[in-house]
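Worksheet: the structure to be examined is printed underneath.
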Amino acid sequence: MDDRKTRLEEKAYEYILQRIIDGTYAVGDFVNQRDLTEELHMSRTPIKAALSRLSGEGYIRVFPYSGAFVSHYHNETKEIE
């Protein structure tokens with residue numbers, strides 16, 4: 001079960017990061033967890049974990065009781081293969 005959870009978190013992470021890289025999510029945009037659950041067909045748990053990881057990397061700012069927002073993206077950062 002833990003392996004599946006990790007794969008779902010990785011899928012969510014890559015999906016959100018790619019949307020930041022390709023400009024779908026611009027700086028300041030709200031990242032809606034409910035929309036992501038529908039788009040990715042998964043629960044909020046792996047999405048929250050992915051947002052937390054992206055927050056740790058500086059792509060996302062998570063504000064308690066407000067949500068997650070794109071904080072920045074620079075072309076020099078990594079790209080998904």
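Treat the numbers as computed from the prediction; the structure is a model and nothing was measured. Along the sequence shown, residues carry numbers from 1. Only heavy atoms go into these numbers, but all of them, side chains included; no hydrogens, no water, no symmetry mates.
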- Just how far is it from atom CZ of Arg19 to atom CG of Leu36, taken to the nearest 0.5 Å? 7.0 Å

- Message: Minimum heavy-atom separation for Ala12 and Met42, please, with both atom names.
- Response: CB-SD, 4.0 Å

- Message: Tell me the closest heavy-atom pair linking Ala50 and Ile16, and the distance in Å.
- Response: CB-CD1, 4.4 Å

- Could you tell me whether the side chain of Ser71 and the main chain of Tyr59 form a donor-acceptor pair under 3.5 Å? yes

- Message: Please determine whether the number of non-hydrogen atoms from other residues, nucleotides or ligands lying under 6.0 Å from atom CZ of Arg61 exceeds 12.
- Response: no

- Item | Path from Phe69 to Val31 over hydrophobic side-chain contacts below 4.5 Å | no

- Query: So how far is it from Asn32 CG to Ile47 CD1, rounded to the nearest 0.5 Å?
  - Reply: 9.5 Å

- Query: So do the side chains of Ile60 and Ile20 get within less than 4.5 Å of each other, counting heavy atoms only?
  - Reply: yes

- Query: Linking I/L/V/M/F/W/Y whenever any side-chain heavy atoms sit under 4.5 Å apart, do Phe30 and Phe63 land together?
  - Reply: yes

- Message: When you measure from the side chain of Thr37 to the backbone of Arg44, do you find a donor-acceptor pair of N or O atoms at a distance under 3.5 Å?
- Response: no

- Message: I need the Arg34 CZ to Glu39 CD distance, nearest 0.5 Å.
- Response: 14.0 Å

- Item | Under-4.0 Å salt bridge between Glu57 and Arg53 | yes

- Item | CG on Leu40 to CD on Gln33, rounded to 0.5 Å | 11.5 Å

